[in-house]
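Accompanying notes for the structure given below.
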2 protein chains.
Amino acid sequence: MYSRELLKGILKPIILKLLSEHDKMYGYEIVQHVKEKTEGKVLIKEGSLYPTLHSLTKEGYLTTESVLVGNRTRKYYSLTKEGTGLVVPALNELIDFQATLGLLFGKEKPAVS
Amino acid sequence: MYSRELLKGILKPIILKLLSEHDKMYGYEIVQHVKEKTEGKVLIKEGSLYPTLHSLTKEGYLTTESVLVGNRTRKYYSLTKEGTGLVVPALNELIDFQATLGLLFGKEKPAVS
DNA sequence: TGCAATACATCATATTATGATGTATTATTG
DNA sequence: CAATAATACATCATAATATGATGTATTGCA
């Protein structure tokens with residue numbers, strides 16, 4: 001059975017994948033990136049993102065680095081060694097999940113004739 | 001943005017799709033069917049299924065019919081007209097969601113080099 | 001006879017995305 | 001130049017829902 005986490009949330013895998021490709025990103029950047037990549041179809045809300053980033057950090061998968069740009073603070077997040085180790089399993093599980101969705105919702109039998 | 005329902009649950013779409021293909025099914029049958037179809041990867045729990053069936057019924061998307069088999073009751077569920085109208089939109093949204101997952105987790109840039 | 005499978009159900013709990021709200025800076029536009 | 005939008009962080013109450021635990025009862029099989 002798929003983990004409850006996977007069935008409920010794709011936010012952590014998204015963050016892990018992005019950080020595996022980008023070395024370091026800050027919250028607002030993640031939101032914009034996902035928005036563009038998904039053609040505006042996935043809009044991560046601050047209320048979802050920041051708690052998730054904090055929890056991943058607390059769990060030891062991310063480290064932070066605050067940078068002052070002008071007078072505005074930017075908090076960069078990057079993968080720890082542990083976080084890096086999490087990327088591939090998380091993606092594999094998601095990919096497998098997609099395939100399973102295919103089994104369930106594949107086109108062998110059309111929903112409506 | 002995808003509905004919260006979709007992001008959180010695939011159970012309702014599963015039920016709708018199955019009932020659109022099977023005319024009438026009972027709870028235990030749904031569990032077994034999904035288990036077989038997904039090679040044991042999606043195991044619907046009774047604690048998830050029955051409340052969902054009840055809520056779909058309450059919302060007018062399903063009707064029930066109790067049948068006595070031996071001394072054991074079987075409660076068959078089938079789609080109402082409203083429920084049938086729900087099938088295609090629900091599946092389309094899910095299929096679109098799968099495609100969007102592809103945008104996010106596609107293989108253009110491998111997660112690990 | 002006892003265990004697994006069949007078949008229904010409810011309820012407390014845990015998880016987590018969202019919306020609301022807050023603060024503050026910077027850029028744009030009328 | 002003033003107002004607005006965008007940038008950038010954050011917290012908290014709420015809502016939604018899958019799960020695990022628990023319960024009842026029948027049926028089939030070893």
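Below, chain A is the first sequence line, B the second, and so on; all start at residue 1.
Spacing between atom CZ of Phe97(A) and atom C1' of dA18(D) amounts to 12 Å, rounded to whole angstrom units. Atom CD of Glu29(A) is separated from atom C1' of dA8(D) by 12 Å (rounded to the nearest Å). For the pair Leu68(A) CG and dA8(D) P, the computed distance is 12 Å after rounding to whole Å. If you take CE of Met25(A) and P of dT7(D), they are 14 Å apart, rounded to a whole angstrom. Rounding to whole angstrom units, NZ of residue Lys75(A) and C1' of dA8(D) are separated by 12 Å.
Interface remark: the Arg72(B) side chain does not form any donor-acceptor pair with the dT27(D) base, using a distance-only criterion of under 3.5 Å.
Minimum interatomic distance between Ile44(A) and Val31(A) (heavy atoms only, all atoms of both residues): O-CG1, 3.7 Å.
Side chains of Leu104(B) and Lys17(A) form no contact here, defined as non-hydrogen atoms less than 4.5 Å apart. Inter-residue side-chain proximity for Lys41(A) and Leu103(B) is flagged as unmet; no heavy-atom pair is nearer than 4.5 Å.
Contacts between residues 51-65 of chain A and DNA chain D, counted as heavy-atom distances below 4.0 Å, involve Pro51(A), His54(A).
The side chain of Lys45(A) sits closest to dG19(C) out of dA10(D), dT19(D), dG19(C). Distance from the side chain of Ser48(B) is smallest for dA18(D) among the nucleotides dT6(C), dA18(D), dA10(D). Closest approach to the Asn71(B) side chain among dA6(D), dA5(C), dT27(D) is made by dT27(D) (side chain taken as heavy atoms from C-beta onward).
Listed by first and then second residue, the ring-ring contact (aromatic ring centres under 6.0 Å, His included) pairs that reach into residues 46-76 of chain B are Tyr26(B)-Tyr76(B), sequence neighbours excluded.
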Give the intermediate values and the outcome of side-chain contact (heavy atoms from CB on, under 4.5 Å) for residues His33(B) and His22(B). CA-CA 11 Å; His33(B) 200 91; His22(B) 287 87; 3.4 Å; yes
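Tested against Thr57(B), the residues Leu62(B), Thr63(B), Thr80(B) include a single side chain to side chain contact (heavy atoms under 4.5 Å, CB included) partner, Leu62(B).
Residues Leu49(A) and Gly70(A) both approach DNA chain C. Their nearest nucleotides, taken by heavy-atom distance, put Leu49(A) toward the 5′ side.
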